[in-house]
Number of protein chains: 2
Amino acid sequence: MNDELLQVLRRPPRERADAARNRSRVLEAAGRLFAEGGVAALTVDAVAREAGVGKGTVFRRFGDKSGLVSALLDQRERELQEAVVFGAPPLGPGAPPRERARAFFDAYLTYLADHLDLVRLSETASPGARFRIGAYVFWHRHLALLCADRPDPDHLAHVLLGMVAADLNTELLAQDMGWDRIRAGVASAVDRLVDPSYSP
Amino acid sequence: MNDELLQVLRRPPRERADAARNRSRVLEAAGRLFAEGGVAALTVDAVAREAGVGKGTVFRRFGDKSGLVSALLDQRERELQEAVVFGAPPLGPGAPPRERARAFFDAYLTYLADHLDLVRLSETASPGARFRIGAYVFWHRHLALLCADRPDPDHLAHVLLGMVAADLNTELLAQDMGWDRIRAGVASAVDRLVDPSYSP
DNA sequence: TAGACAAACGGACTTGGGTCCGTTTACTCT
DNA sequence: AGAGTAAACGGACCCAAGTCCGTTTGTCTA
């Protein structure tokens with residue numbers, strides 16, 4: 001096995017220049033359209049037109065609409081992810097699980113409140129889209145680790161994340177439940193679910 | 001205010017004969033198509049064609065696709081609802097809240113396992129459809145009553161129902177989590193969330 | 001720098017949910 | 001029975017997501 005072959009195996013061929021250019025053009029166009037007209041303005045056709053590319057290009061770059069919107073949100077979400085992995089406690093490592101979980105949900109709800117429409121779009125663009133998003137998998141792992149001493153951390157983590165589904169919270173807001181009340185409800189459930197010995 | 005006016009106020013004008021006939025024709029057609037080809041065969045156009053009615057008729061009768069599928073599920077779900085309201089404990093009235101809640105989730109998971117595809121279709125046909133379905137509202141009230149002594153029964157009931165969202169459970173099955181494991185996870189969460197004094 | 005090839009391109013096309021509106025039909029009241 | 005009316009009808013139409021495939025373009029090698 002020669003070096004060349006090894007190299008090929010190692011490096012996934014890097015993105016062509018035009019592809020990279022179009023990726024950012026599309027993202028910028030999407031950002032612009034959303035800023036002007038909200039989620040209603042975010043149709044794939046409109047984004048493609050605004051970006052000056054064909055519609056096929058958008059789908060090749062981002063897979064589907066959900067992928068496009070997730071990419072738009074990527075930056076913000078990445079910051080939260082880094083804070084969880086490298087940041088100070090209680091969000092970052094060091095604090096006891098229940099407190100880390102609470103800190104996470106608190107931070108995530110802030111993020112959700114700031115971007116509810118986009119997150120909802122990315123989660124409901126197609127059935128099951130929510131679970132395919134990279135960030136979901138990441139949060140799921142994080143929570144499962146925090147629940148490691150519970151009977152089924154894997155299932156429990158899914159249940160916990162269910163509380164911050166964009167669709168659910170859109171509904172709660174529509175029913176006049178404010179973010180403060182949602183925060184309190186989530187916090188209380190987190191306490192009871194994450195910490196086996198908790199009972200206030 | 002005369003009698004006639006009172007009567008008009010009281011009785012919502014009953015369904016016209018042709019309307020009723022078409023309602024059942026459409027439901028039968030939908031049932032047939034689903035039996036033959038599963039959810040993939042359940043397009044509104046196909047249902048309308050099979051029923052021998054226009055597409056507009058389907059939408060007038062059922063509102064949207066989600067409504068049509070909910071109507072298909074109605075029978076089964078009604079049985080469960082009756083068991084909850086009039087049946088024997090622990091599903092029906094009489095047992096302590098935690099046990100009623102457990103019995104409900106157990107029964108609902110059976111129902112879900114039997115009709116997962118259809119329930120998923122009805123819940124994800126459009127964003128937020130889940131919360132607009134009559135049954136959702138019913139279950140929500142039931143659970144909120146069972147949690148009456150918790151700080152925020154309304155929010156908590158939504159969280160509990162999140163655990164049996166068809167979309168989530170489809171994903172769990174796809175990840176090789178079986179119904180037995182799902183049942184256990186749900187039961188454990190119900191215990192901890194519904195009963196303030198529970199800690200096994 | 002030429003030529004080969006994979007990758008990217010783009011827009012016509014397909015599919016499916018949902019709307020619209022001119023026409024038809026079941027009921028009601030006399 | 002016959003006229004009036006509200007409701008129901010149906011299919012053409014619209015919109016938006018996602019696919020397909022013939023064409024173009026960047027990149028790598030000689």
Side-chain angles (χ1 to χ4, degrees), chain A residues 2-5 7-8 11-26 29-30 33-34 37-70 121-129 132, chain B residues 2-5 7-8 11-26 29-30 33-34 37-70 121-129 132:
Chain A
N2 59 38
D3 290 6
E4 198 197 354
L5 185 49
Q7 265 197 343
V8 169
R11 95 162 103 82
R14 80 161 172 295
E15 194 170 55
R16 249 170 64 167
D18 51 348
R21 178 169 37 82
N22 282 336
R23 152 169 285 121
S24 54
R25 271 191 196 167
V26 168
L33 286 175
F34 175 70
V39 284
L42 271 190
T43 71
V44 177
D45 287 277
V47 170
R49 199 174 340 110
E50 172 85 10
V53 305
K55 176 177 202 178
T57 300
V58 177
F59 282 99
R60 196 168 327 90
R61 281 284 87 72
F62 299 99
D64 59 9
K65 192 181 178 179
S66 171
L68 169 60
V69 179
S70 299
L121 196 54
S122 78
E123 288 184 358
T124 62
S126 72
R132 275 173 254 126
Chain B
N2 59 37
D3 290 6
E4 197 197 355
L5 186 48
Q7 266 197 343
V8 169
R11 96 160 100 83
R14 79 162 172 294
E15 195 169 55
R16 247 169 65 168
D18 51 348
R21 179 170 36 82
N22 283 334
R23 150 169 287 121
S24 53
R25 271 192 195 166
V26 168
L33 286 175
F34 175 69
V39 285
L42 271 189
T43 69
V44 177
D45 287 277
V47 170
R49 199 175 338 111
E50 173 85 9
V53 305
K55 175 177 200 178
T57 300
V58 177
F59 282 100
R60 193 168 330 89
R61 281 285 85 72
F62 299 99
D64 58 10
K65 192 181 178 180
S66 170
L68 169 59
V69 179
S70 299
L121 196 54
S122 79
E123 288 184 357
T124 62
S126 72
R132 272 173 256 127

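Letters A, B, ... mirror the listed sequences (proteins, then strands); counts begin at 1.
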Report the distance from atom CZ of B/F59 to atom P of D/dC14, rounded to the nearest whole Å.
-> 17 Å
Atom-pair distance (CG on B/L42; P on C/dG18), nearest Å = 13 Å
For atom CD of A/E50 and atom P of D/dA16, their distance in whole Å = 15 Å
Please state whether the phosphate of C/dA6, meaning OP1 or OP2, lies under 4.0 angstrom from any side-chain nitrogen or oxygen of A/R16.
-> no
Between A/K65 and B/R21, which is nearer to the 5' end of DNA chain D once each is assigned its nearest nucleotide?
-> B/R21
Quick one: OG on A/S70 to CZ on A/R132, what's the gap to the nearest 0.5 Å?
-> 10.5 Å
Hey, does the side chain of A/R14 come within less than 4.0 Å of D/dT27's phosphate (OP1/OP2), counting only N and O?
-> no
State, to 0.1 Å, how close B/A29 and B/E50 come at their nearest heavy-atom pair, and which atoms those are.
-> CB-CG, 3.4 Å
Does a side-chain N or O from B/R60 land closer than 4.0 Å to OP1 or OP2 of D/dC9, or not?
-> yes
Within this structure, what is the CG-to-P distance between A/D64 and D/dA16, rounded to whole angstrom?
-> 17 Å
By nearest-nucleotide position on DNA chain C, the 5'-leaning member of B/A17 and B/G63 is B/G63
Which of the following nucleotides, C/dA8, D/dA17, C/dG17, is nearest to the side chain of A/V44?
-> D/dA17
Return the value, rounded to whole Å, for the distance between atom CZ of B/R23 and atom P of D/dA7.
-> 15 Å
Quickly work out the A/R49 CZ to D/dA16 P distance and round it to whole Å.
-> 9 Å
Would you please confirm or rule out a distance under 4.0 Å between OP1 or OP2 of C/dG10 and any side-chain N or O of A/T57?
-> yes
Between B/D18 and A/N22, who's closer to the 5' end of DNA chain C by nearest nucleotide?
-> A/N22
Could you tell me the separation between the CD atom of B/E15 and the CZ atom of B/R61, rounded to the nearest 0.5 Å?
-> 5.0 Å
Over how many whole Å does the gap from A/E15 atom CD to D/dG26 atom C1' extend?
-> 13 Å
Minimum heavy-atom distance between A/L68 and A/A30, given as atom pair plus value = CD1-CB, 4.5 Å
Nearest whole angstrom, please: distance from the P of C/dT19 to the CZ of B/F62.
-> 16 Å
At under 4.0 Å between heavy atoms, what does A/K55 touch on the DNA or RNA strands: base, sugar-phosphate, or nothing?
-> base
Short question: side chain of B/K65, backbone of B/F59 - any donor-acceptor pair under 3.5 Å?
-> no
